[in-house]
Amino acid sequence: MDWQAEALWEQLVSRVPGISIEVVPEAESTNSTLLERARLGDTSPCLLVAERQTAGRGRLGRQWQASEGRSLTFSLAWPADWEDWSGLSLVVGLAVAQGLDPTGQHLGLKWPNDLWLKGQDRKLGGILIETVPLTAATTHRLAVIGIGLNIQPRDPADTTALASGYACAQEWLPEATAASVLHQVALPLVLALDTFGHAGFSPFQTAFEQRDVLAGRTVLAGELEGTMLGVDRLGQLLVQTTSCISAVSSGEVSVRPC
Ligand code: BTN
């Protein structure tokens with residue numbers, strides 16, 4: 001596949017000085033590769049794409065399965081010294097959704113950062129953010145932002161339960177390829193991270209709510225059952241239970257509609 005990495009690099013480098021872009025045919029997991037490099041002292045900004053992952057990882061310790069040629073898998077290493085990191089994962093999901101579906105007709109967000117096809121509860125993509133400290137200051141960290149997006153329909157021979165909840169970009173962008181989708185989402189992502197660094201989550205709150213697929217629905221957030229009210233200015237999930245409104249902040253909780 002022609003990734004046109006140099007053209008992409010030219011778009012990004014003025015916003016992210018020193019960024020490199022790498023495309024490799026295979027990696028265990030692009031997140032793991034960048035985390036390992038950070039442990040060895042390389043903490044420079046890098047966008048790493050793998051055409052195939054042999055041990056892709058998802059949130060909550062799950063596996064991330066993506067078939068070669070049918071998906072886009074990449075990670076962005078982003079050194080940052082942000083006062084407040086809350087809401088980062090929502091901002092990343094939103095930036096990807098806006099890049100891929102600027103009109104907002106097709107892509108919704110399921111808190112904190114899954115990309116779902118609107119009105120259909122099928123998942124098109126997921127995001128795994130991991131961080132490592134860069135100095136003793138707790139605010140100064142390298143974020144490794146891993147993104148997996150389904151581009152083409154799944155193999156018709158695949159009839160697993162997972163396949164029934166599968167969505168892909170070609171459902172409304174028939175010409176989409178992994179490379180074209182990368183070009184659509186990379187710049188919005190970088191711009192959103194820049195804004196987040198200056199202003200935190202609050203400038204994104206309304207746009208997140210417009211894509212929120214859980215709004216008004218009954219959800220189960222960990223042990224908590226109630227009606228999803230929206231998110232607050234820190235990106236916390238607000239759930240109305242029978243007794244109170246609870247704010248759920250941990251992305252390490254599984255949330256699903258009932
Ligand atoms: C999820 O929905 O559970 C998150 C999935 C994140 C998958 C991406 S693919 C690129 C990067 N490398 C990984 O091993 N995981 C992330």
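Atoms within each ligand, like the ligands themselves, are counted from 1 in listed order.
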- Qualifying ring-ring contact (aromatic ring centres under 6.0 Å, His included) pairs, either residue in residues 184-221, two or more places apart: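 Applying ring-ring contact (aromatic ring centres under 6.0 Å, His included) to every pair that reaches into residues 184-221, excluding sequence neighbours, yields W82-F196.
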
- Message: Is there a polar contact between ligand 1 and K123, counting only N or O atoms under 3.5 Å apart?
- Response: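 Yes, since at least one N or O of K123 sits under 3.5 Å from an N or O of ligand 1.
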
Does any donor atom in the side chain of [X] or [Y] lie under 3.5 Å from an acceptor atom in the other side chain?
{"X": "D42", "Y": "S44", "result": "yes"}
{"X": "Q53", "Y": "T30", "result": "yes"}
{"X": "S67", "Y": "R154", "result": "no"}
{"X": "N150", "Y": "S71", "result": "no"}
{"X": "T131", "Y": "R141", "result": "yes"}
{"X": "Q105", "Y": "W172", "result": "no"}
{"X": "D84", "Y": "S86", "result": "yes"}

- Query: Is the number of heavy atoms from other residues, nucleotides or ligands under 6.0 Å of W85 CH2 greater than 12?
  - Reply: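 Correct, the count exceeds 12.
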
Considering the heavy atoms of [X], write down every atom of ligand 1 situated less than 4.0 Å from one of them.
{"X": "S29", "value": "12 (N), 13 (C), 14 (O)"}
{"X": "S75", "value": "11 (C)"}
{"X": "D114", "value": "2 (O)"}
{"X": "G56", "value": "14 (O)"}
{"X": "F74", "value": "10 (C)"}
{"X": "N31", "value": "11 (C), 12 (N)"}
{"X": "G58", "value": "1 (C), 3 (O), 4 (C), 5 (C)"}

- Item | Heavy atom of Q53, distance to ligand 1 below 4.0 Å |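 Q53: in contact with ligand 1 (<4.0 Å).
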
Tell me the protein heavy atom at minimum distance from [atom], and give that distance in Å.
{"atom": "atom 15 (N) of ligand 1", "answer": "R57 O, 2.7 Å"}
{"atom": "atom 3 (O) of ligand 1", "answer": "R59 N, 2.7 Å"}
{"atom": "atom 5 (C) of ligand 1", "answer": "W64 CE3, 3.4 Å"}
{"atom": "atom 10 (C) of ligand 1", "answer": "T30 OG1, 3.3 Å"}

- Query: Is it the side chain (CB and beyond), the backbone, both or neither of I147 that lies under 4.0 Å from ligand 1, heavy atoms counted?
  - Reply: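 Backbone only.
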
